[in-house]
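What follows is a set of notes on a single structure, which appears directly below.
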Amino acid sequence: MFRRIFATMLFLLGVAPAWAGGGQDLVRLQLEAQRFVDQQSASGRGPMRDVSPPDARLFLPACPDLSIAWPAGVPAESVAVRCPVLGWSIALPLKARGVASVYVAASLIGAGQTVGIGDIRLAAVANPALARQGVSDSSQLVGRAARTQIPPGAVIRVTALRAPFVVRMRQPVRAMVSQDGLRVSAEGVANNNAAVGEPVRVRMPGGRVVSGIADADGSVRVEMQ
């Protein structure tokens, strides 16, 4: 008991006892506090914040076993770091985590809709995990089509988009065959959707099914067997 009281008195005076093992590593103290805040945030029991570093001029006796908790046991704008053995405690303020600007849906984007520049807007996203899934380059989004419906305000992931279809299933399509400078075409019906460069199977009027590659103009280049 006397040792604890004596250590506290020396701490208040800014003097470290010889047996204290030197001063507390303030970087470690901040890292331990940040680990606590991150764990609380991940479990939904606290805000997603960054722990402010302690004043570099502060001297604390080195603590063998730090105790970290919310003040009064509930999430607050600071986190309490205590040393039960030596009796000192310090409150480290929390600050807003840096935000990133990524594109979100400006309005409802329907499934299959081709995204235009007016369909998206830049928005600040504080959640770093969510921000990493978005993009800040509009060229990765404009001109592509939504795989499924994207609600207003949702972060737009590149994986949620695809190249737009130039050939539509069960729609008429022109099949083109070229060989030795000659080109022959005939109209059939596409058996599947396809974007530029993707394979297409086309049912011809006589019932034969041919395979080809979708071109940008919506025709299908049939490969000669």
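When reading the values below, keep in mind they use all heavy atoms of this one structure, side chains included, and skip hydrogens, waters and symmetry mates. For reference, positions follow the sequence shown, starting with 1.
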Separation between CG (L58) and CD (Q24), nearest 0.5 Å, reads 10.0 Å

Would you check if V220 and I213 make a side-chain contact, meaning some heavy-atom pair closer than 4.5 Å? no

Transitive ILVMFWY cluster of I156 at side-chain heavy atoms under 4.5 Å: who else is in it? Y103, I109, V115, I117, I120, L122, V135, L141, V142, I150, V158, L161

Spatial distance of atom NZ (K95) from atom OG (S78) [nearest 0.5 Å]: 14.5 Å

Under the side chain to side chain donor-acceptor pair (under 3.5 Å) criterion, do S185 and R174 qualify, and how do the steps go? CA-CA 6 Å; S185 67; R174 184 160 296 279; 3.2 Å; yes

Got more than 12 heavy atoms from elsewhere within 6.0 Å of CZ, R170? no

Not counting sequence neighbours, which residues clear side-chain hydrogen bond (donor to acceptor under 3.5 Å, both in side chains) with S139? List them please. D137

Residue pairs involving residues 149-173 (criterion ring pair (Phe, Tyr, Trp, His ring centres under 6.0 Å); sequence neighbours excluded): none

Return the minimal non-hydrogen interatomic distance between A106 and G118, and the atom names on each side. CB-O, 3.9 Å

Taking all non-hydrogen atoms of both residues, which atom of Q30 and which atom of P53 are closest, and how far apart? OE1-CB, 3.4 Å

Rounded to the nearest 0.5 Å, what's the gap from OG on S138 to CG on D119? Could you check? 12.0 Å

Show me the pairs that pass salt bridge (charged side-chain N to carboxylate O under 4.0 Å, His left out) and involve residues 31-41, at least two apart or across chains. E32-R35, D38-R97

Would you mind reporting whether L108 and P152 have side-chain heavy atoms less than 4.5 Å apart? yes

Might you point out which heavy atoms bring V102 and A131 nearest each other, and give the distance in Å? CG1-O, 3.6 Å

Do any side-chain atoms of residues 194-204 form donor-acceptor pairs under 3.5 angstrom with protein atoms, and if so which ones, sequence neighbours left out?
from, atom 1, to, atom 2, distance (Å)
E198, OE1, A195, N, 2.8
R203, NH1, G207, O, 3.1

I90 side chain reached by L92 side chain, heavy atoms, under 4.5 Å: yes

Considering only heavy atoms from C-beta outward, does the side chain of M169 approach that of N191 to under 4.5 Å? no

Measuring from atom CG of L26 to atom CZ of F59, what distance do you get when rounded to the nearest 0.5 angstrom? 9.5 Å

Side chain to side chain contact (heavy atoms under 4.5 Å, CB included) for N193 and V167? Distances and angles first, verdict last. CA-CA 5 Å; N193 296 319; V167 173; over 6 Å; no

So does L60 get a backbone contact from the side chain of W88, meaning a donor-acceptor N/O pair under 3.5 Å? no

With a 4.5 Å heavy-atom cut-off, do Q171 and V173 have their side chains touching? no

Minimum heavy-atom distance between R157 and L130, given as atom pair plus value: NH2-CD1, 3.6 Å

How close do A175 and V222 get, counting heavy atoms only, and between which atoms? CB-CG2, 3.7 Å

Approximate separation, where rounding is to 0.5 Å, of C63 SG and R82 CZ: 12.0 Å

Check R221 with D215, please: is the shortest side-chain N to carboxylate O separation under 4.0 Å? yes

Closest heavy-atom pair, P71 versus A80, reported as atoms and distance to 0.1 Å, is CD-N, 4.1 Å

Does a side-chain heavy-atom distance below 4.5 Å link R45 with W70? no

Please round to the nearest 0.5 Å and tell me the distance separating atom OG of S41 and atom CD of Q34. 9.5 Å

To which residues is V209 joined in a hydrophobic cluster, defined by side-chain heavy-atom contacts under 4.5 Å among Ile, Leu, Val, Met, Phe, Trp and Tyr, whether direct or through other members? none

